[in-house]
Amino acid sequence: MAIERYNARVAERKWQDIWAEADVFATKNEDPRPKYYVLEMFPYPSGRIHMGHVRNYTMGDVVARYKRARGFNVLHPMGWDAFGLPAENAAIQNKVHPAKWTYENIATMRAQLKSMGLSLDWAREIATCSPNYYKHQQKMFTDFFKKGLVYRRKSKVNWDPIDNTVLANEQVIDGRGWRSGAIVEQRELEQWNFRITDYSEDLLTSLDTLDRWPDKVRLMQRNWIGRSEGLRVRFEFETPSPTGEKTIEIFTTRPDTLFGASFLALSADHPVAIAAANGNPALGAFREKCHQMGTSAAALETAEKEGFDTGLTVKHPFIAGATVPVYVANFVLMDYGTGAIFGCPAHDQRDWDFATKYKLSIIPVVLPPDAAATTYSLGTAPYVDDGTIFNSDFLNGLTVDAAKEAVAKRLETTMVDVAPQGARQVNYRLRDWLISRQRYWGCPIPMIHCDDCGVVPVPADQLPVLLPDDATFDAPGNPLARHPTWKHVACPNCNRPATRETDTMDTFVDSSWYFARFTDPWNETDPTTRSAVDSWLPVNQYIGGIEHAILHLLYSRFFARAMKATGHAGLDEPFAGLFTQGMVVHETYRDNTGQWVTPADVVIDEIEGTRVARLKADGTKIEIGSIEKMSKSKKNVVDPDEIIANWGADTARWFMLSDSPPDRDVIWTESGVEGSHRFVQRIWRLVNEAAPFISGISGPALVETPTAAAMTLRKQVHKTLAAVEDDIERLAFNRAVARIYELVNAIFKILADADMASDDSMPGAVSEAFDVLLQIIQPMMPHLAEECWSTLGRDGVLATSAWPLVDRSLIVDDTLTLPVQINGKKRAELTVSRQMSDSEIQAAVLELEVVKQVLEGRPPKKIIVVPQRIINVVA
RNA sequence: GCGGACGUGGCGAAAUCGGUAGACGCAGCAGACUUAAAAUCUGCCUCUCUCUGGGAGUACGGGUUCGAGUCCCGUCGUCCGCACCA
């Protein structure tokens, strides 16, 4: 009787309905079992899910289903990162309200995710654009404000003078606004900031505790925070000071090279530079030039180092009578250190470039280890490595480190104008987090500007500050700022007319605490419920893209600390385990006019070993290009909906887990999908073939003396089970997949070879094999597993059934086949019993024909027996 | 420029500790079944030689070791992050 092919479309819908009806993935906070929180980075509702989502959410779902089977109370929620610019762009282009656009996208994408059969607790779904979510965010903002974690400050922004709007760095292309094409200006605006730098040191040192994070991500964060230890040094003016201050303070990490100082360089925004420009039009013009310089990476890279001699001079701290000229330089940043540096051209590339250009002296003070002080001279480059200090008075002979210490000690105790001349300082590259956005579709910053009371937070009982529904998007600028009535409000303090803050928050704020909200999204009065948030967090396993390695993860770590400081949560680190998955990539195709062609329109043949692509429609030859990240611009995208409709969700899920290690990119190929689908059908066929023999049996139902064939199968089943457990625990899904293929191949062989009717130990063993197989594929291909489970007449749904137990006695073998090497090359194999001693094994090895031949009667120099592994005879 | 990761068949890869290199999948080749195709099944599938056997082989060149894909040094290449942070 022919077995009908597995109909994924029908079966998947059926099981999704059954799970939904029984509400099997709902999670209760009161459940007493041990908790496990698995979370994938929530999506931006762009319109449709893409293959990257399929991969990300498949991985998370495998973990969730596996942990559930292992007896954990699993929290596996989903939500929407729903504020952001694309919704506003859609409003401008298509005249559709951002809310309507966003919620329609959410509806589409929710249905797509449901078609994947993910084991999500949809009751906890949140959208960050919902007032139910952002009112809590506003509450926390005001709490942060009261704790001093929020402040306002003038900051430089990219300003588009045509659209009258602030642009994100990504919206500035070649120095011009992406929409208007206007040359972007740097403007100073009052902007809201989170004081993330309060936690610089903690965010840095706590990275060491995150041992279940990829080293790569931790390193990236470490570099981003950028701690450096140095010395602030005050140089006394020799010329009159333009500001009245008696000194200029610089920051350096190389105080050991002070004797090589040949200039000071100030930022264009340094107070001394500003003051000196008064009455010095040329310097004023130079400052102006510095301001016009773009902030983009490209602009910085090409910009040449330039300076302007202010004519001012300062005294060298150690060399009596020596003076140092003061420049303003375009490469010195005002917001790092003190906005001023000293230059030692002999030992720093940048200072070297500057000194060469302006013909300043270059005095070497660090001697390389193998150089002689009397003959040493620099070549055409600075010497930046370690060495011994010379040309430096009291530092001569010291190492670089010792000299740093000596300089610090001396300057700390030298008084200049009632303060020490030097002070040790730790600096961080990390800046405070600027969250102001002059946008409509974001969380309104809940502050009110009152002429009399200043900036006042909106009282808790007046939250949320709702976005107005009737904003207009047909003019440039911030819709909130130009709304006729929205911003006008009474001051909460004095009740006089005041105005609302019209900035909204960076959408990274929304995603910095959503994982906490999931723990009790039903709390109407507070952002979090302490009992829930403290027991669920930290997230046991967080899974997402490497592109969030720095910002999202760092901001979330900051938020956890800020929420702790304001009593909204009780822990520092939000994510105990982090996994960054690779991208989904695909070949690219182009027609003879150079236009990109989408994979769905292409057929591939192999002609004499060469792959040839043709247009499906008319057979036109298509050029096969490089493999790249799926992107709309290159059209190398595959639509998850089509894949699921054609092959089923299980096939797509299985493919995503196969072959490539999850942290690497996976190449999506049509033939690979076909292979995955073949496997789905193969399991279905096997189950149906075996069903008549085993459907009544539950468990191994062993006879007293099972046959060798039955025992071999049972051993393989339990070895596979143990290996798959291990693989899933370490998210090595590709290895688990390979083990499962092996098991299915073995079952296939047994069904073909064994005589089920006459070997009465076989039905039990085969039955057990299928039970285990279906349980271990359940996290990966849940619908197929359920359908097979029910075909075999098993009780209940697999989604809620317990993981099978490994029988440890079955995973150790009584006999082992060990490779035998002679002088490190494999020459034979030797089958020994597990109990055999080393000396017995050695004796057996010497009896082997090949070994005798090589030794020719002589005794071996050595025999190395590595237990359970290998034998090496050294002849 | 600085920092980091990686380099294994035609392709994706596997090889927890230094112990049989290439499991598993994809592609390909040959065959069976079929009127035929699809599906399915069987076998082959690193290179090479004087082929019932041997030799070489994990980017390249050295080293440590009884034994190296794995450890160390150097070279080349690819990818990623940061990029005037003093």
Side-chain angles (χ1 to χ4, degrees), chain A residues 2 5 214-217 219-224 226-228 230-231 250-254 257 265 267 297 300-301 303-305 329-333 335-344 348-351 353-354 384 427-431 546-547 549-550 604 606 608-611 627 654-655 658-661 664-667 669-676 678-679 681-682 685 723 726-727 730 732 734-745 748 752 817-829 860-875:
Chain A
R5 283 173 69 78
D215 289 341
K216 182 189 168 74
V217 174
L219 184 69
M220 283 165 73
Q221 293 215 350
R222 201 165 282 133
N223 292 339
W224 188 261
R227 184 183 199 275
S228 68
L231 199 67
I250 61 96
F251 174 75
T252 181
T253 56
R254 291 298 301 273
T257 63
S267 161
L300 287 173
E301 195 159 357
E304 208 179 317
K305 284 169 194 44
N330 64 350
F331 61 86
V332 181
L333 306 171
D335 52 358
Y336 185 79
T338 62
I341 61 165
F342 89 85
C344 174
D348 181 281
Q349 183 66 51
R350 195 186 37 204
D351 296 346
D353 295 344
F354 192 80
V384 297
N427 257 337
Y428 301 90
R429 219 186 62 110
L430 182 67
R431 304 294 152 80
I546 187 76
E547 67 272 20
I550 298 175
I604 308 268
E606 183 146 332
E608 288 172 8
T610 313
R611 297 175 67 248
I627 295 169
W654 185 254
F655 181 84
S658 308
D659 289 353
S660 288
R664 258 185 249 177
D665 290 351
V666 63
I667 305 171
T669 61
E670 183 76 1
S671 56
V673 183
E674 286 166 12
S676 293
R678 262 200 304 273
F679 187 62
Q681 295 293 350
R682 185 173 162 92
R685 218 162 39 239
D726 198 42
D727 291 339
R730 318 131 87 345
N734 57 319
R735 304 202 319 178
V737 163
R739 298 289 88 79
I740 291 170
Y741 271 116
E742 281 174 334
L743 177 61
V744 169
N745 290 345
F748 176 85
T817 300
L818 299 177
V820 177
Q821 295 183 333
I822 299 171
N823 294 331
K825 286 192 193 296
K826 191 198 161 195
R827 286 295 127 108
E829 283 183 344
K861 285 198 185 117
K862 206 184 202 178
I863 301 178
I864 294 148
V865 178
V866 184
Q868 332 274 307
R869 285 264 172 182
I870 202 165
I871 302 151
N872 193 7
V873 180
V874 186

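Keep in mind that this is a model prediction, so the values were computed, not measured. Lettering of chains follows the sequences in order, A, B, ..., and the numbering in each one begins at 1.
Comparing B:C24, B:U20, B:A27 against the side chain of A:Glu674 picks out B:A27 as the nearest. The A:Asp659 side chain lies nearest to B:G12 when the options are B:C85, B:G81, B:G12. Side-chain atoms of A:Ser671 lie closest to B:A27 of the nucleotides B:G3, B:A27, B:A23. Nearest to the side-chain atoms of A:Asn872 among the listed nucleotides B:C85, B:G19, B:U20 stands B:G19. Distances were taken from every side-chain heavy atom of A:Ser228 (C-beta onward) to each of B:A21, B:G81, B:A86; the shortest belongs to B:A86. Nearest nucleotide to the A:Arg429 side chain, out of B:G25, B:A23, B:C85: B:C85.
If A:Leu219 and A:Asp665 are placed on RNA chain B by their nearest nucleotide, the residue sitting closer to the 5' end is A:Leu219. For A:Lys862 and A:Gly675, each mapped to the nucleotide of RNA chain B holding its nearest heavy atom, the one lying further toward the 5' end belongs to A:Gly675.
Ion pairing between a basic and an acidic side chain is recognised when a charged N comes within 4.0 Å of a carboxylate O; A:Asp348 and A:Arg254 show no such pairing.
A glycosidic torsion no more than 90° from 0 defines the syn conformation; B:G7 lies beyond that range and is anti. B:C51: glycosidic angle within 90° of 0, hence syn. In this structure, B:C26 is classed as anti because its glycosidic torsion departs from zero by more than 90°.
Base-pair partner of B:G28: B:C44 (Watson-Crick or G-U wobble, both distances under 3.5 Å). Judged by Watson-Crick or G-U wobble contacts below 3.5 Å, the nucleotide B:U64 has no partner. B:A21 makes up no base pair with any nucleotide shown, lacking Watson-Crick or G-U wobble contacts both under 3.5 Å. When Watson-Crick and G-U wobble pairs are counted only if both distances are under 3.5 Å, B:C82 pairs with B:G1. With a 3.5 Å ceiling on both atom-pair distances, B:A38 lacks any Watson-Crick or G-U wobble partner.
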- Message: Does the protein touch nucleotides 40-59 of chain B at the base, only the backbone, or not at all? Give it as B, S and - per nucleotide, heavy atoms under 4.0 Å.
- Response: SSS------------SS---
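One can place CD of A:Gln221 at 18 Å from P of B:G4, the figure rounded to the nearest angstrom. Separating the CD1 atom of A:Ile550 from the P atom of B:G4 is a distance of 15 Å, rounded to the nearest angstrom. In this structure, the CG atom of A:Asn330 is 18 Å from the P atom of B:A86, given to the nearest Å. Spacing between atom NZ of A:Lys216 and atom C1' of B:G3 amounts to 11 Å, rounded to whole angstrom units. The distance between atom CZ of A:Arg869 and atom P of B:G19, rounded to the nearest whole Å, is 6 Å. Rounded to a whole Å, the CG atom of A:Asn734 is 16 Å from the C1' atom of B:C11. Spacing between atom CZ of A:Phe679 and atom P of B:C26 amounts to 10 Å, rounded to whole angstrom units. In this structure, A:Phe331 places its CZ atom 9 Å from P of B:C85, rounding to the nearest Å.
Contact annotation: A:Arg350 side-chain N/O to B:C85 OP1/OP2 distance is under 4.0 Å. The phosphate of B:A86 has OP1 or OP2 within less than 4.0 Å of a side-chain N or O from A:Tyr336. Not one side-chain nitrogen or oxygen of A:Thr253 sits closer than 4.0 Å to the OP1 or OP2 atom of B:C85. Between A:Asn223 and B:G4 there is no side-chain N or O to OP1 or OP2 distance below 4.0 Å.
When all heavy atoms are compared, the tightest approach of A:Glu829 to A:Thr817 is OE1-CG2, 3.7 Å. Taking both residues in full, the closest heavy atoms of A:Ser267 and A:Leu333 are given as CB-C, 4.0 Å, listed atom of the first, atom of the second, then distance.
Judged by distance alone, the side chain of A:Asn872 and the main-chain N or O of A:Gly824 form a donor-acceptor pair under 3.5 Å.
Aromatic ring orientation, A:Phe251 versus A:Tyr336: perpendicular (interplanar angle above 60°, classes split at 30° and 60°).
Nucleic acid contact class of A:Val332 (heavy atoms, under 4.0 Å, all strands): base. A:Asn745 comes within contact range of the sugar-phosphate backbone alone, with a heavy-atom separation under 4.0 Å but no base atom that close. Looking at heavy-atom distances under 4.0 Å, A:Ser660 makes contact with sugar-phosphate atoms alone, never a base. Using a 4.0 Å heavy-atom cutoff across all strands shown, A:Gln821 reaches at least one base atom of the nucleic acid.
Scored by the side-chain hydrogen bond (donor to acceptor under 3.5 Å, both in side chains) test, A:Arg5 finds no partners at all (sequence neighbours excluded).
Rounded to the nearest Å, the gap between the P atom of B:C26 and that of B:U40 is 10 Å. For B:U58 and B:G9, the C1' atoms lie 10 Å apart once the distance is rounded to whole Å. Across B:C11 and B:G1, the matching C1' atoms stand 36 Å from one another, rounded to whole Å. With C1' as the reference atom, B:A13 and B:U52 are 34 Å apart, rounded to whole Å. To the nearest whole angstrom, the two P atoms, one in B:A5 and one in B:C85, are 23 Å apart. Rounded to whole Å, the separation between the P atoms of B:A59 and B:C33 comes to 45 Å. For the C1' atoms, the distance linking B:G62 with B:C76 amounts to 15 Å, nearest Å. Here, B:G77 and B:G61 have their C1' atoms 15 Å apart, quoted to the whole Å.
Side-chain N/O atoms of A:Arg664 and base N/O atoms of B:A13 include no donor-acceptor pair closer than 3.5 Å. You'll find a donor-acceptor pair under 3.5 Å spanning the side chain of A:Arg431 and the base of B:C85, going by distance alone. One donor-acceptor pair, N or O on each side, does fall under 3.5 Å between the base of B:C84 and the side chain of A:Lys305.
The CG atom of A:Leu818 sits 8.5 Å away from atom CD1 of A:Ile870, with the distance rounded to the nearest 0.5 Å. A:Lys305 NZ to A:Asn330 CG: the interatomic distance, rounded to the nearest 0.5 Å, is 8.0 Å.
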- Step-by-step side chain to side chain contact (heavy atoms under 4.5 Å, CB included) determination, A:Leu430 to A:Gln221: CA-CA 10 Å; A:Leu430 182 67; A:Gln221 293 215 350; over 6 Å; no
- Please walk me through it: do A:Asp351 and A:Phe342 pass side chain to side chain contact (heavy atoms under 4.5 Å, CB included)? CA-CA 9 Å; A:Asp351 296 346; A:Phe342 89 85; over 6 Å; no
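Note that A:Arg350 lies outside the cation-pi zone of A:Phe331, set by a 6.0 Å cut-off to the ring centre and a 45° limit from the axis.
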